[in-house]
There are 2 protein chains.
Amino acid sequence: MARIKTEKNISRKDVIVTKAAILFREKGFKAASMRDLAEAVGVEAASLYNHIKSKTELLHELCFSVANRFLHKIDEVEAEPITAIEKVEKLLRFHINEMVNHYEEVYVSDREWKHLSDPYLSNFQNQRRIYRKRFAAIIENGIRHNEIKKIDAPTAVLIMLHAISGIESWHRSTQKISAEELEENMITILVGGLVNR
Amino acid sequence: MARIKTEKNISRKDVIVTKAAILFREKGFKAASMRDLAEAVGVEAASLYNHIKSKTELLHELCFSVANRFLHKIDEVEAEPITAIEKVEKLLRFHINEMVNHYEEVYVSDREWKHLSDPYLSNFQNQRRIYRKRFAAIIENGIRHNEIKKIDAPTAVLIMLHAISGIESWHRSTQKISAEELEENMITILVGGLVNR
DNA sequence: TAAAACAACTAACGCGTGTTAGCAACACTT
DNA sequence: AAGTGTTGCTAACACGCGTTAGTTGTTTTA
């Protein structure tokens with residue numbers, strides 16, 4: 001009867017949540033079964049329920065832990081006395097790093113939140129909407145100060161956030177450039193565009 | 001015993017495939033059941049099998065019809081005697097229009113292809129990989145001719161394609177700018193960047 | 001070392017799934 | 001109007017799912 005191995009400060013629940021992120025990313029939330037997860041953890045499916053309440057709880061945990069990190073970051077960035085472009089760049093770099101270093105979690109939170117159920121679902125959607133509005137507000141500020149082109153701010157936000165989710169492809173690719181190169185390339189393109197002038 | 005209504009040149013299978021796209025987009029492939037689909041079509045679940053072979057067949061049809069449209073387009077664009085930037089812009093505009101006008105299909109093809117099974121799966125992945133390489137080759141050409149900044153071409157492709165998939169958010173949003181405005185904004189930002197200079 | 005708390009197990013439940021078989025009603029052709 | 005293929009129906013199948021109950025084994029505490 002082999003127990004789930006834990007290290008210091010890592011609960012068995014944390015182990016399960018982490019493995020769940022990997023599995024949900026790989027197969028999708030619906031397609032990943034609790035029996036799959038149990039196998040990944042090295043235990044029988046029923047045993048998981050000594051540590052978690054339900055499959056959906058795993059999704060809650062993942063989605064909200066990611067969402068909270070982004071909300072804290074935008075709090076921080078908004079308060080800094082820097083230009084709008086610098087704020088945008090800081091947020092982008094944060095997004096890129098989160099996507100590079102916490103790939104599974106961020107990816108799952110991004111693509112599988114639809115399977116949350118109320119009240120978590122509407123809660124999550126709200127947080128997401130608010131985050132985007134605050135991001136757009138920064139861009140609108142930049143437009144007002146002539147730092148940023150006269151564009152539709154919500155559209156800009158949408159482009160930025162989705163472009164970053166493309167790091168998924170980078171992660172999966174075999175011959176990948178370094179994370180640093182990736183970051184610099186993304187910032188160059190998103191902030192400065194393709195055209196050479 | 002109400003039949004599936006068909007208009008001229010639209011087979012009953014086409015009706016089913018179209019409804020499937022809407023449903024798969026809404027709930028995800030795995031979460032959408034054949035009974036859901038039957039209800040959307042206005043028929044019992046078993047009746048669907050007079051027109052289709054399996055649930056997965058619906059996904060094949062959607063994924064490959066979308067993939068083929070993009071492959072034909074890149075054939076066309078590659079052959080034109082225009083600059084690299086113009087080629088990129090043409091492809092981007094095509095992507096944007098496809099995403100705006102065939103939202104459900106394109107979205108499903110983009111997000112649910114994982115649930116294809118071999119040999120369709122590897123086939124689809126191949127086509128996708130090849131498409132991206134050809135897109136990247138256009139960008140690399142532009143870099144060689146100094147039209148485009150010295151950036152990592154695969155990263156640029158990844159940004160472009162994923163940015164466009166963000167049109168999903170536009171589609172869902174309530175107060176949306178017009179499709180034309182969206183298109184112009186996206187091209188402006190992706191080709192020219194955010195910064196005003 | 002005994003008791004208490006924890007974490008694993010086996011067995012099974014009810015349910016929803018994709019799909020098939022067999023039959024009835026419709027639509028079109030001659 | 002008869003015949004033929006098409007398209008719908010009902011019933012049911014085998015299976016995998018998330019989850020619970022009850023029990024056994026292991027670790028921690030006193």
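Chain letters run A, B, ... following the sequence lines, proteins first, then strands; residues in each count from 1. Predicted, not measured: the structure shown is a model, and the values here were computed from it.
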**Report entry** Nucleotide of dA7(C), dC9(D), dC9(C) approaching Val43(A) most closely (side-chain heavy atoms)
**Finding:** dC9(C)
**Report entry** Candidates dA7(C), dG8(D), dC9(D) - which lies nearest the side chain of Glu44(B)
**Finding:** dC9(D)
Query - Audit row: Phe70(B), His95(B), ring-ring contact (aromatic ring centres under 6.0 Å, His included) steps and yes/no - result: CA-CA 8 Å; Phe70(B) 282 112; His95(B) 273 268; 4.3 Å; yes
Phosphate-side-chain proximity, [X] and [N], N/O vs OP1/OP2 below 4.0 Å:
X	N	answer
Ser47(B)	dT7(D)	no
Ser33(B)	dT17(C)	yes
His51(B)	dG8(D)	yes

Query - Among Glu180(B), Glu183(B), Glu86(B), the one residue meeting salt bridge (charged side-chain N to carboxylate O under 4.0 Å, His left out) with Arg93(B) - result: Glu183(B)
Could you state the [atom1]-[atom2] distance from [X] to [N], rounded to the nearest angstrom?
X	N	atom1	atom2	result
Glu39(A)	dG16(D)	CD	P	14 Å
Asp36(B)	dC15(C)	CG	P	18 Å
Lys27(A)	dG18(D)	NZ	C1'	15 Å
Leu37(A)	dC17(D)	CG	C1'	14 Å
Leu48(A)	dC9(C)	CG	C1'	12 Å
Phe29(B)	dT17(C)	CZ	C1'	12 Å
Arg12(A)	dC9(C)	CZ	C1'	15 Å

Tabulated below should be each protein N or O lying under 3.5 Å from an N or O of nucleotides 19-23 of chain D; please produce it.
unit_1, atom_1, unit_2, atom_2, d
dT19(D), OP2, Tyr49(A), OH, 2.4
dT19(D), OP2, Lys55(A), N, 2.8
dT19(D), O5', Tyr49(A), OH, 3.3

Query raised in the report: Can any side-chain N or O of Asp110(B) pair as donor or acceptor with the backbone N or O of Val106(B) at less than 3.5 Å?
Result: no
Requested in this report: Would you give the length of the straight line joining atom CG of Asp152(A) to atom CD1 of Ile189(B), rounded to the nearest 0.5 angstrom?
Outcome: 7.5 Å
Requested in this report: Please tell me if the side chains of Phe94(B) and Ile74(B) come closer than 4.5 Å, counting only heavy atoms from C-beta onward.
Outcome: no
Query raised in the report: Taking the side chain as C-beta and beyond, is there a heavy-atom pair between Phe64(A) and Gln127(A) under 4.5 Å?
Result: yes
**Report entry** salt bridge (charged side-chain N to carboxylate O under 4.0 Å, His left out) contacts in which one or both residues fall within residues 30-48 of chain A, not counting sequence neighbours
**Finding:** Lys27(A)-Asp36(A)
Report task. Check every strand shown and say whether Ala32(A) touches a base, only sugar-phosphate, or nothing at a heavy-atom separation below 4.0 Å. Result -> sugar-phosphate
Requested in this report: Describe the nucleic acid contact of Ala31(B) in one word from base, sugar-phosphate, nothing, applying a heavy-atom distance below 4.0 Å.
Outcome: nothing
